[in-house]
Asks: 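The structure follows.
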Amino acid sequence: MREGHEGTGPGAITPDGCAVELYERLPIDDAPDIITAAIPAGAHILELGSGVGRMTRPLTERGFTVTAVDESADMLARVRGARTVCSPIEALDLGGEKFDVVLLASFLVHAGDEEVRRGLLRTCARHVAEGGRVLIQREGEDYHTNVPRERVHPSGFTVRVASVEPAGEGVNSVYVEYMFPDAVWTQTFLSRPLTKEQFESALEEAGLEVDTYLTPDRMWVRAVRKA
């Protein structure tokens, strides 16, 4: 288990506190539409932190070729229709292989450990092809302040961000509950809020820069290699 991360509930729990069985249930909502609109048709995608393949499946169904990377073998065992690589993202090196698109979703860029975040972004820069795109999902601007909050999904489960507590300089410990009629899972993880300026500075440090913010809330970003 990564330091500061924990998970509870039925089934296997990954090193960052994610429950495999939970992520098999969670819907992906509109993320595949946002991604599809931002990248070339038929692109080869390196999906970092793929989990059980919630994003992988709709992307392959739309004609993209996906290489799915995750540090959890239990997660990757559920991925279908894509090549899989079991590795921590920050340690990934595919020997010079480049991709049209590198995808870093699930708020991973907000890793509590700054060295891990630097490693994630270096992995993105190392694997994106010349002229390629890096798509990143950021936290919402009120993610750490609008607490507690909960959302009832139309399919009948509730996600509740129960608490956000300081856990070090610039880092918070986030506790989330996922409540289904037949099961409850929790996850505790460390997250580092990043202002727009801090986020763009982190990209620059890795040799990347913002091409455009893809959504009005600036949660989805398309970045490219610095000129």
Asks: Apply side-chain contact (heavy atoms from CB on, under 4.5 Å) to Val109 and list each qualifying residue two or more places apart in sequence or on a separate chain.
Replies: Leu104, Arg117, Leu121, Ile136, Phe199
Asks: For a quick test of reading the model, state the closest non-hydrogen atom pair linking Pro148 to Ala162 and the distance between them.
Replies: CB-O, 3.7 Å
Asks: Which pairs, with at least one residue in residues 92-121 and sequence neighbours excluded, count as a ring-ring contact (aromatic ring centres under 6.0 Å, His included)?
Replies: Phe107-Tyr143
Asks: Is the backbone of Gly119 close enough, under 3.5 Å, to the side chain of Thr123 for a donor and an acceptor to pair up by distance?
Replies: yes
Asks: Decide whether Ile45 and Leu214 are clustered together by the hydrophobic rule: side chain heavy atoms of Ile, Leu, Val, Met, Phe, Trp, Tyr closer than 4.5 Å, transitively.
Replies: yes
Asks: Do Leu46 and Val221 belong together in a cluster built from hydrophobic side chains that touch within less than 4.5 Å?
Replies: yes
Asks: Whether the side chain of Ser72 engages the backbone of Met75 through a donor-acceptor N/O pair (distance < 3.5 Å, no angle test) should be reported.
Replies: yes
Asks: Going by salt bridge (charged side-chain N to carboxylate O under 4.0 Å, His left out), name the pairs with one or both residues in residues 123-134, residues two or more places apart or in two chains.
Replies: Glu130-Arg225
Asks: Mind listing the closest non-hydrogen atom pair of Ala111 and Val116 along with its distance?
Replies: CB-CG1, 3.9 Å
Asks: Check the hydrophobic clustering (I, L, V, M, F, W, Y; side-chain heavy atoms under 4.5 Å; chains of links allowed) and say if Ile39 and Met219 are grouped together.
Replies: no
Asks: Test side chain to side chain contact (heavy atoms under 4.5 Å, CB included) on Leu22 and Gln187 and set out the steps.
Replies: CA-CA 11 Å; Leu22 166 65; Gln187 183 180 9; 5.9 Å; no
Asks: If you look only at pairs with a residue in residues 32-50, which of them pass as a salt bridge (charged side-chain N to carboxylate O under 4.0 Å, His left out), with sequence neighbours excluded?
Replies: Asp33-Arg62
Asks: Please report the closest heavy-atom contact between Thr60 and Gly81, naming both atoms and the distance.
Replies: CG2-O, 3.6 Å
Asks: Rounded to the nearest 0.5 Å, how far does CG of Leu48 lie from OG1 of Thr67?
Replies: 10.0 Å
Asks: Taking ring-ring contact (aromatic ring centres under 6.0 Å, His included) as the test, write out the residues that go with His44, two or more places apart.
Replies: none
Asks: Applying side-chain contact (heavy atoms from CB on, under 4.5 Å), name anything that partners Thr145, two or more places apart in sequence or on another chain.
Replies: Asp142
Asks: Just grab all the ring-ring contact (aromatic ring centres under 6.0 Å, His included) pairs involving residues 61-96, residues at least two apart or on different chains.
Replies: none
Asks: Taking all non-hydrogen atoms of both residues, which atom of Arg218 and which atom of Arg138 are closest, and how far apart?
Replies: O-NH1, 3.1 Å
Asks: For Ala206 and Arg122, which heavy atoms make the closest approach, and how far apart are they?
Replies: CB-N, 4.2 Å
Asks: Taking only residues two or more places apart in sequence or in another chain, which ones pass side-chain contact (heavy atoms from CB on, under 4.5 Å) with Glu24?
Replies: Val52, Arg78
Asks: Roughly how far, to the nearest 0.5 Å, is the OG1 atom of Thr212 from the CZ atom of Arg222?
Replies: 6.0 Å
Asks: Taking all heavy atoms of Ser50 and all of Thr56, pick out the closest pair and write down the distance.
Replies: CB-OG1, 4.0 Å
Asks: Enumerate donor-acceptor pairs with a distance under 3.5 Å from any side-chain N or O in residues 5-13 to protein atoms, sequence neighbours excluded.
Replies:
from	atom 1	to	atom 2	distance (Å)
His5	ND1	Asp16	O	3.2
Thr8	OG1	Thr186	OG1	2.5

Asks: Taking the side chain as C-beta and beyond, is there a heavy-atom pair between Met55 and Ile35 under 4.5 Å?
Replies: yes
Asks: Under 4.5 Å between side-chain heavy atoms, counting indirect links through other Ile/Leu/Val/Met/Phe/Trp/Tyr residues: same cluster for Val66 and Val101 or not?
Replies: yes
Asks: To the nearest 0.5 Å, what is the distance between CD on Glu139 and CG on Asp217?
Replies: 12.5 Å
Asks: Can you tell if the side chain of Leu59 reaches within under 4.5 Å of the side chain of Leu103, non-hydrogen atoms only?
Replies: yes
Asks: Near Glu150 CD, under 6.0 Å, is it more than 12 heavy atoms from other residues, nucleotides or ligands?
Replies: yes
Asks: Which pairs count as salt bridge (charged side-chain N to carboxylate O under 4.0 Å, His left out) when at least one residue sits in residues 85-103, sequence neighbours excluded?
Replies: Arg2-Glu90, Arg83-Glu97
Asks: Which value, rounded to the nearest 0.5 Å, describes the distance between Ser191 atom OG and Leu108 atom CG?
Replies: 10.0 Å
Asks: Under the criterion side chain to side chain contact (heavy atoms under 4.5 Å, CB included), I'd like the reasoning laid out for Val210 against Leu203: C-alpha separation, chi angles, the key distance, then a yes or no.
Replies: CA-CA 8 Å; Val210 171; Leu203 289 185; 3.6 Å; yes
Asks: So, Lys196 and Glu200, do they make that salt bridge, N to O below 4.0 Å?
Replies: yes
Asks: Tell me, with the steps shown, if Lys226 and Leu208 meet side chain to side chain contact (heavy atoms under 4.5 Å, CB included).
Replies: CA-CA 5 Å; Lys226 282 178 62 77; Leu208 301 168; 5.6 Å; no
Asks: In the single-linkage hydrophobic clustering (I, L, V, M, F, W, Y; side-chain heavy atoms under 4.5 Å), do Phe189 and Ile89 co-cluster?
Replies: no
Asks: How many angstroms lie between CG in Leu190 and CG in Asp113, if you round to the nearest 0.5 Å?
Replies: 9.0 Å
Asks: Linking Ile, Leu, Val, Met, Phe, Trp and Tyr by side-chain heavy atoms under 4.5 Å, what else ends up with Leu76?
Replies: Val79
Asks: Show the atom names and distances, to 0.1 Å, of all donor-acceptor pairs under 3.5 Å that link a side chain in residues 169-181 to residues at least two apart or in another chain.
Replies:
from	atom 1	to	atom 2	distance (Å)
Asn172	ND2	His144	ND1	3.0

Asks: Would the distance check show the side chain of Thr158 and the main-chain N or O of Val152 forming a donor-acceptor pair, the cut-off being under 3.5 Å?
Replies: no
Asks: Would you give the length of the straight line joining atom CG of Asp74 to atom CD of Glu21, rounded to the nearest 0.5 angstrom?
Replies: 10.0 Å
Asks: Indicate yes or no for a side-chain donor-acceptor contact from Arg54 to the backbone of Pro27 under 3.5 Å, with no hydrogens or angles considered.
Replies: yes
